[in-house]
Novice: 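Here's a structure for you.
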Amino acid sequence: MTTEQHIQQLRDFLDKQNYNYYVLNAPLISDQEFDMKMHELQQLETQHPELFDPNSPTQRVGSDINLEFEQVRHERPMLSLGNTYSRADIADFYNRISKALNGEPFDIMCELKFDGTSISLVYENGKLIRAATRGNGTIGDDVTRNVRTIKSIPLTLHGNYPAQVEMRGEIIMPRAGFEALNKQRIDIGETPFANPRNAAAGSLKLQNSSIAAQRPLDCVLYYTLTDEREYALHSESLEDAKQWGFKISPHCQLCHSIDEIYNFVDLWDKKRESLPYDIDGIVFKVNNLQQQQTLGFTAKSPRWAISYKFKAEQAHSRLIEVTYQVGRTGTINPVANMEPMQLAGTIVKRATLHNADIIEALDLHEGDTVVVEKGGEIIPKIVGVDTDKRPANAQRILFPQTCPICGTKLVRYEGEAAHYCPNQDGCPPQIVGKLIHFVSKKAMNIDSIGEETAELLYKRGIVKNIADFYKLTFNDIYHLDGFKETAANNIIKGIIESKNIPYERVLFALGIHFVGEVVAKKIAQAFPSISLLQAATKEQLLLTDEVGEKIADSVIDYFAKPQNKEIIAQLSAAGLQMQKAEKQLESETLSGKQFVISGTFAQHSRDELKAIIENNGGKMQSGVSAKTNYLVAGENMGPAKLEKAQKLGITIISETELISMLNK
Ligand code: IVH
C-alpha cells in the first residue's frame, strides 16, 4: 500500500467512526482506538504535507488563524417561514393549500422546528466546499472553517450522492453541552449565553475555529437542493440525504389530515422537554414537490410551508423576597424567590432578575404576583407583574447600594448592566469562589479538594487565599470534622502533585478576571514567565492574540495589587511552575535564521508555522527588517511588507518551501 492509500484508508475509517458516533450515536470502537488512529493519521499528514486535504478528519480540530468572515451570495435565497400561533392559523394554512391545489389530495410532512441557527452546506463531488449562515437571506457569512469542526457534519459524502448539492439545516447546541459551557463561562467571569440558540450562533461566528471545535455543536438537516435528481417527494430527498451521511431528524411524520397534524403538535408540545435539545415549534411542509412548485413562493417565504410556534409556558406566583448572590468575580446577581409553582414540567421557586435595570423596568414590589416564563431560556424569568394583586402599601424593590455580604459600596462600570462588589480580596463569596476555581479540574486539578472542603477550609480560617493551600499540613486537615487519615493524605498528595501543573494553567488558576483557559494559553506564549508578565505594559499585552482592552486592564490591575504580588511570590516559593517549560527542539535546521510570516496559508495555521519554525531552531520576528532571513509568504499578504522585503533582498518562500527546507 502506498502512503497515499494508507492516508486515504485512515481518513475513510475515521470518517466512518465519526459518523457512527455523532450521527448514529452508535460508536463501534473505543475512544482510545479512535485516538490512536487519529494520531497515526496526523503523523502521516505531517510527514506528507503534499497530501494535505482540508476535508481530512484531522482538520476538525480547527486552527487559530484569525479570520474576517467573507460574505457569500447564496445560489438560491434562504427564505424564512411564515409563523402561526394557533390551531385556527394551522387550519387556515391547510385550507389555503387545499384550495390552491383545487381539492387535489396532499400530505403534510410535520417536522420539529429546531431552535438554533440556520446553515447552508454546499458539496461538490462529495466534498464540503462551503458553509454559510443565512445572513439576510441573499448574502451570508462564510463560516466553513468553524463548520468543519462540527463532527456530525460529513466533510465527505458517501453512497450515491449528486455531484452538486446544497443541504440546509440548523446548527444547534444540545442543552447538556450548553449548560456545561455556561458553567465554564461563569467560572471564568464571562457572561453566560442566554439560551442554546444564542450559544450556537455565537459559536459559529467565533474568529478562532479551535475554540469553535470545543463548542458542543450539532447539526440537523431538513432541506435538500440539487438539480440532478427528480425527486417526487420531500421525504424521499431526506431519505437520500441520510444515506449520504447527514443527520436527519427521526421525528418527522407524514400527516394525511388536519387532525393528524393537531395530534403531532400536541404530542411534541408535551414531549419536547424529553428531547436533548430545544425546539420552538413545528414546521409543516407539503410533501409532494410537484405540488410545492404549484404553490410557489412569496417574496419572503414558501407558500408550501409554515411554522407553528409553541407558546412559552407561563405561570403565576407570589414573590417572597429578592436575594442577591455574589459571584466569583464580584457580580451581584439578583434572584427572585417565589412560592413554588408548576412550570413546563418542573417545580419552579426561583427566577433570575438579571440586574437592577430589569427590576426597575418591572417596577417590582414586595409580595407582588409575578408572571414567570420558561421560553428558550433555561433559567425561568419574570416577564410581568399583576399590579391588580399588589398588596396595599407594598414597598418597591430597590437594588442594594452595598454588598449584601461584606457591606462594601457597589460599583457599576460604564457600559455594563451588572453591579459589582469591588472588594475582591475581602468579600467571602468572592474568596471562596477563587479558591474553588483554583483547585478545579481545568486549573490546578486538585480533585481531593471539592467545593465544600474549600469552603470549610476558608471558614475555619485555615486557607484565606490560594497560596495558603501550599502551607496546609496533614494535621490542619486531620483535625477538621469528618476528615479521616486517607482523605487528609489525599489532599496533601493532590497539593504536591499540582506543583507540576504547567505555567499556562497556573495563570488560568489565578482567577484573573476575563482570563479564561484560551487567553491564559496565549498570554503564556507571549510572556513565557510570570516575571515577564508582571513587568508587561498594557501596550505589550494588547499585542497578544485574543487580548483586548478589557483583558489587558484586568491583568494590569491584578498585578498592581500588593497582596497579589505577595501571593505570586508565595506560589513561586512553593515550587509551582511559573514559567513555560523549555521545549526540546525537533532539530537545529533553522538555527540562526530569522523569519517573518505574512498572509494566510492553505496547509497550516500561522501558529502552526510559527511552532514549526521555533521547534527547528528558527526565530520569529514580528516585522520585516534588514535582519530578516526569510519571509514566508501566504495568500493576501500586505503589499507594503512584500515591497519592503523585495527592497531588502530578503528571500521570499512559500509554506511548502519552508517544509521542504526541513525535510532536506
Ligand atoms: S424549512 C424554505 N424546516 O426555522 C424552507 N426550517 O422560521 C426553509 N427551522 O430559517 C426552512 N427547523 O432556520 C425548516 N424542520 C425545519 C426547521 C426549520 C428549524 C428554522 C430555519 C428557518 C426558520 C424559519
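In this chain, residues are counted from 1 in sequence order. This structure is a prediction, so every number in the text was calculated from the model and none was measured. Both ligands and their constituent atoms are indexed starting at 1 by order of listing.
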Novice: Give me the ring orientation class for Trp304 and Phe297: parallel if the planes are under 30° apart, tilted from 30 to 60°, perpendicular past 60°.
Specialist: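 Correct class here is perpendicular.
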Novice: With no hydrogens and no angle check, just 3.5 Å: does a side-chain donor-acceptor pair link Ser152 and Asp218?
Specialist: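 Yes - a donor-acceptor pair under 3.5 Å links their side chains.
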Novice: Are any non-hydrogen side-chain atoms of Leu14 and Met38 less than 4.5 angstrom apart?
Specialist: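 Yes, at least one pair of side-chain atoms sits under 4.5 Å.
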Novice: State the atoms of ligand 1, each with its element, that fall below the 4.0 Å cut-off from a heavy-atom position in Phe114.
Specialist: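 With Phe114 as reference, the close atoms of ligand 1 come out as 12 (N), 19 (C).
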Novice: Using a plain distance cutoff, I'd like to know if Lys285 has any nitrogen or oxygen under 3.5 Å from a nitrogen or oxygen of ligand 1.
Specialist: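 Yes, since at least one N or O of Lys285 sits under 3.5 Å from an N or O of ligand 1.
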Novice: Can you tell me if Thr294 uses its side chain to pair, donor with acceptor, with the backbone of Gln290 under 3.5 Å?
Specialist: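 Looks like yes, one N/O pair under 3.5 Å.
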Novice: Side chain or backbone, does Glu170 bring an N or O within less than 3.5 Å of an N or O on ligand 1?
Specialist: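 Yes, there is a polar N/O contact under 3.5 Å.
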Novice: So is Pro302 in contact with ligand 1, going by heavy-atom distances below 4.0 Å?
Specialist: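 Pro302: in contact with ligand 1 (<4.0 Å).
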Novice: Out of curiosity, is Met78 lining ligand 1, as in a heavy atom under 4.0 Å away?
Specialist: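 For ligand 1, residue contact (heavy atoms, under 4.0 Å) with Met78 is absent.
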Novice: Hey, is Glu45 close enough to Arg11 for a salt bridge, meaning N to O under 4.0 Å?
Specialist: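 Salt bridge flag = yes for Arg11 with Glu45.
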Novice: For Leu112 and ligand 1, does the shortest N/O to N/O distance drop below 3.5 Å?
Specialist: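 By distance alone, the answer is yes.
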Novice: Report, in ascending order of atom number, the atoms of ligand 1 lying under 4.0 Å from any heavy atom of Ser118.
Specialist: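 Those atoms are 10 (O), 13 (O).
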Novice: Hydrogens and angles aside, do Gln71 and Asp142 bring a side-chain donor and acceptor to less than 3.5 Å of each other?
Specialist: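 There is no such pair between these side chains.
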Novice: Taking the side chain as every heavy atom from C-beta outward, state whether Phe106 and Asn287 have any atom pair closer than 4.5 Å.
Specialist: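 No. Closest side-chain heavy atoms not under 4.5 Å.
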Novice: Nearest protein heavy atom to atom 4 (O) of ligand 1, by residue and atom, and its distance?
Specialist: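 Heavy-atom neighbour on the protein nearest atom 4 (O) of ligand 1: Lys113 NZ, 3.2 Å.
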Novice: Closest non-hydrogen protein atom to atom 5 (C) of ligand 1, residue and atom name please, with distance?
Specialist: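 Here the closest protein heavy atom is Leu81 CD2, 3.9 Å.
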Novice: Walk me through it: do Arg197 and Thr117 pass the test side-chain contact (heavy atoms from CB on, under 4.5 Å)?
Specialist: CA-CA 7 Å; Arg197 177 184 357 104; Thr117 183; 5.5 Å; no
Novice: Looking only at protein heavy atoms, identify the closest one to atom 8 (C) of ligand 1 and say how far it is in Å.
Specialist: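 So the nearest neighbour among protein heavy atoms is Leu79 O, 4.3 Å.
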Novice: Just by distance, no angles: are the side chains of Asp12 and Gln8 close enough, under 3.5 Å, to form a donor-acceptor pair?
Specialist: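 Side chains of Asp12 and Gln8: pair found under 3.5 Å.
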Novice: Please indicate whether any nitrogen or oxygen in Ser80 is less than 3.5 Å from any nitrogen or oxygen in ligand 1.
Specialist: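 Such a contact does not occur with ligand 1.
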Novice: Judging by distance only, is a nitrogen or oxygen of Thr117 under 3.5 angstrom from one on ligand 1?
Specialist: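 Between Thr117 and ligand 1 (N or O atoms, distance only) the closest approach is not under 3.5 Å.
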Novice: Which residue owns the protein heavy atom closest to atom 18 (C) of ligand 1, what's the atom, and how far is it?
Specialist: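 Here the nearest protein heavy atom works out to Tyr222 CZ, 3.3 Å.
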Novice: Below 3.5 angstrom, do we get any N/O pair linking Asn83 and ligand 1?
Specialist: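 There is no such contact.
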